[in-house]
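Heads up: numbering here begins at 1 and tracks the sequence. Because the structure is a prediction, the values reported are computed rather than measured.
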Amino acid sequence: MTEEASGKPRQSASARAQTKITIPDPHTMVSLLGAGDEFLRLVEESLTSDVHVRGNEITLTGDVHDNATGERLFGELVELIEKGGTLTPDAVRRTIAMLASNAEERPAEVLTLNIVSRRGRTIRPKTLGQKRYVDAIDAHTIVFGIGPAGTGKTYLAMAKAVQALQAKQVTRIILTRPAVEAGERLGYLPGTLYEKIDPYLRPLYDALHDMVDPDSIPRLISNGTIEVAPLAYMRGRAQPGFTKVLTPEGWRPIGDLRVGDLVIGSNGEPTPVLGVYPQGRKEIYRVTAQDGSSTLCCGEHLWTVRTAADKRRNRPWRILETREMIGNLRAAHAHRYELPLLSQPVCFPEREVPMDPYALGPLLGDGCVTGSTTPSFSTGDAELAHALEAALPGVSVRHKGGPDYVLNRVRAPGDRVTLENPVTAAMRQLDVLGCRSHAKFVPDDYLFNSADVRLAVLQGLLDADGGPVPQRDRTCRIQYSTTSILLRDDVISLVQSLGGVAYARRRCAAGRRQGSAIGVHRYDAHIIDIRLPEGVEPFRLARKRQKYHANGGGRPMRFIDSIEPAGEEEAVCIQVAAEDSLYVTEDYLLTHNTLNDAFIVLDEAQNTTAEQMKMFLTRLGFGSQIVVTGDITQIDLPGGATSGLRVVREILEGVEDVHFGYLTSSDVVRHRLVTDIVDAYERWDAAQPADTGPHRVPSRRSSRRR
């Protein structure tokens, strides 16, 4: 090709130099030139130097600097081919553009960066801006990808999500976008809610099919590994405001909590509340476990669960929404979803108590502390009587006859006869004095005390009125009985606070004969079957302890038994600082509402409000990553609402581990005409009066209104 034909400037002979490039592999040479020398012509158009090809040798003739540029260009294209890249006209143009920008990144490194491969197709960044965007996702927890349509913001984010899932860096992928754009109303569309929102989520499904085997997608969605949902479903992970949450001081309504308050986490330790978010009125469900414990939550509330298959295959616990489990709670006749239990006993602040906690147990079980007589106690175990005496300083346990013992005050020389019995004084202080057997309870100073105190109370109760129950071919359970409803609930609370489970049932008094002395039972009996975690000793009496350990105590387990509608209530959600985001709610159930070990992609973020953006970002849990994508020039929010994507730039710009990446028309990877269209609109926007803003063209809908 001559200089006149190519339009290149003529240089003097003294200024012109020659550079020769040899391509040893003939196949590489063929790929480099392209069909009909298509790629060669693109290279010639971009270079000032003349390009001549003969055999496997390329000769560049021109200025030394221009020859060096051409040599580098051919070197990058050859490396791209040798690394398995497919040379296309688009790849040649992008290589030329990257070299012209004098960027630090090499084109061959950019265009050969593999993210996800499936069936011979590899997803890679195609521009320098895309490469920097992908690198930012690797380096930051929260990344905002802002740019015009066609720049691959969402597609690359989803590819990185699939890559993280395949590398086991996360356990689930969540893909979401605002379901309703431009003020459209789903209510006018036919079909169910899912059928209505499906068209808005279809672009996410289509991209997902490019990266994951389509046959496996339904299974991954059904087991919660991949969730594709409208943004509205991300917000309502909440409980009614009156639902109790465990704090170091006891139970408090979740609606009364404030940022900075402490709640109890799954390890029994206090963890601060990071956020409190009212959710408005929501449909509520009651989630009940097979041990009778239950709590209220909304349909989107999150639960950490695992199935028998998960346990058998040593899989991690999965996170499912309440609504995902409805109608799927059984596997044959067995419960499907197991709930986690406290990994350690709850750590309440230690309180001073007027009586040894172990001594309180037998006195609540088999003691007589009416206040009108000397305190007494009944037991057939002399060992228990001796243990009670050892736990009550200043008290002598005197055998009266049969199973009966009297608790006398030990008198010192000079004591007055009118001094109060220490047991009576302690019971009076605890407000238990005078309680009959059917009205006894464990005082709060013991229920919400240290783990050692709570365990000592439980051991005293079980030594008096409980015992091990061996079962054929099974481990040994613990059984306790009482006629007091309050004491039944307190024993269950003690067991659950130590990481165990308790199952209660009632044995009616009607028709049951007790003996000739009394005739019939006066009150119903409440039977509690108990399982405690390994390392928690339920008995101090030697004979009971030996029998229990001879058969093994088994493992406490708790499964979801039912999920039933419970009306509508004002709801609130909280975010806690615990590593697993779990907190203790009613009946010591563990639940949470943030997303751990997840890769979360929010698409079309320009159509979120400021409140929605805050809600979404605060769902971030430990081990998770968020990528937010959007185009601030295409905001479709109705009523002039402020875009959350615009506001968040002002709020989070400069925050550590949060990155804002901007892509431009040069990063468009669709038809070349899209780049020209984007540039044309930018020029038109720049020419408009400043006070009209970026949305000057009214929509057809708003025009009809006028």
Side-chain angles (χ1 to χ4, degrees), residues 353-370 373-410 421-427 430 432-433 435-438 440-443 446-447 449 452-470 476-484 487-488 490-491 494-495 498 500 502 514-515 525-530 532 536-551 553:
V353 291
M355 177 184 290
D356 182 275
Y358 178 77
L360 179 66
L363 292 177
L364 290 176
D366 290 325
C368 179
V369 284
T370 61
T373 61
T374 302
S376 60
F377 174 71
S378 298
T379 181
D381 272 297
E383 181 186 354
L384 183 57
H386 296 319
L388 184 61
E389 185 174 41
L392 294 173
V395 173
S396 171
V397 178
R398 179 173 57 86
H399 186 229
K400 185 177 180 181
D404 298 327
Y405 292 81
V406 178
L407 309 180
N408 296 123
R409 177 175 63 86
V410 177
N421 187 293
V423 174
T424 302
M427 289 299 195
L430 295 171
V432 180
L433 190 67
C435 288
R436 302 291 180 177
S437 61
H438 64 281
K440 290 180 179 178
F441 61 93
V442 178
Y446 292 85
L447 273 181
N449 212 316
D452 291 339
V453 169
R454 300 197 310 277
L455 178 58
V457 174
L458 182 63
Q459 288 172 334
L461 289 165
L462 294 178
D463 280 351
D465 282 334
V469 181
C476 181
R477 73 176 187 272
I478 305 161
Q479 195 170 90
Y480 176 81
S481 63
T482 179
T483 58
S484 169
L487 191 54
R488 175 202 64 184
D490 291 343
V491 169
L494 287 172
V495 171
L498 295 171
Q514 186 180 32
H526 302 279
I527 314 300
I528 307 173
D529 292 315
I530 298 169
L532 289 170
V536 178
E537 178 59 62
F539 303 106
R540 291 191 184 181
L541 283 184
R543 66 177 181 85
K544 293 185 179 182
R545 186 171 62 249
Q546 291 170 2
K547 188 176 183 180
Y548 178 73
H549 288 292
N551 294 273

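Here the side chains of L384 and Y405 are not in contact, with every heavy-atom distance at 4.5 Å or above. Using a 4.5 Å cut-off on side-chain heavy atoms (C-beta onward), L458 and V536 make no contact. Using a 4.5 Å cut-off on side-chain heavy atoms (C-beta onward), L461 and T482 make no contact. Residues P443 and V432 meet the side-chain proximity criterion, which asks for heavy atoms closer than 4.5 Å. In this structure, T379 and L388 have side chains that are not in contact, with every pair of non-hydrogen atoms separated by 4.5 Å or more. Side-chain contact check for S376 versus D404: every heavy-atom pair is 4.5 Å or farther apart. Proximity of I527 to Q479: side-chain heavy atoms (C-beta onward) are separated by under 4.5 Å at one or more points. Using a 4.5 Å cut-off on side-chain heavy atoms (C-beta onward), L494 and L447 make contact.
Here the rule is side-chain contact (heavy atoms from CB on, under 4.5 Å) with F539, and of Q546, K544, K547 only K544 fits it.
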Exercise for review: Take M355 and L392 through the side-chain contact (heavy atoms from CB on, under 4.5 Å) test and state the conclusion after the steps.
Suggested key: CA-CA 8 Å; M355 177 184 290; L392 294 173; 4.0 Å; yes
**Study point:** Audit row: I530, L462, side-chain contact (heavy atoms from CB on, under 4.5 Å) steps and yes/no
**Key:** CA-CA 10 Å; I530 298 169; L462 294 178; 4.1 Å; yes
Practice item. List the steps and the verdict of side-chain contact (heavy atoms from CB on, under 4.5 Å) for V491 and H526. Key: CA-CA 11 Å; V491 169; H526 302 279; over 6 Å; no
Point to revise | Check against side-chain contact (heavy atoms from CB on, under 4.5 Å), R436 and T370 | key: CA-CA 7 Å; R436 302 291 180 177; T370 61; 3.5 Å; yes
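Closest approach of D366 to A464, counting heavy atoms only: OD2-O, 3.3 Å. Taking each heavy atom of L364 and K440 in turn, the nearest pair found is O-CD, 2.9 Å. Residues R540 and E383 share a closest heavy-atom pair of O-OE2, 3.8 Å. The two atoms that bring Y446 and P354 nearest to each other are OH-CD, 3.9 Å, heavy atoms only.
A donor-acceptor pair under 3.5 Å links the side-chain atoms of N421 to the main chain of L407, judged by distance alone. At distances below 3.5 Å, at least one donor-acceptor pair connects side-chain atoms of D490 with backbone N or O atoms of V442. In this structure, D356 contributes its side chain and A359 its backbone to a donor-acceptor pair below 3.5 Å.
Taking the charged nitrogens against the carboxylate oxygens, D529 and R477 do have a contact shorter than 4.0 Å, which makes a salt bridge.
Atom CG of L532 and atom OH of Y548 lie 5.5 Å apart (nearest 0.5 Å). Interatomic distance, OG1 of T483 versus NE2 of H438, reported as 7.5 Å (0.5 Å rounding).
Looking at residues two or more places apart in sequence or on another chain, you find no ring-ring contact (aromatic ring centres under 6.0 Å, His included) involving Y358.
Screening residues 388-403 for side chain to side chain donor-acceptor pair (under 3.5 Å) gives R398-N408 as the qualifying pairs, with residues at least two apart or on separate chains.
Within a 6.0 Å radius of NE2 in H549, more than 12 heavy atoms belonging to other residues, nucleotides or ligands are found.
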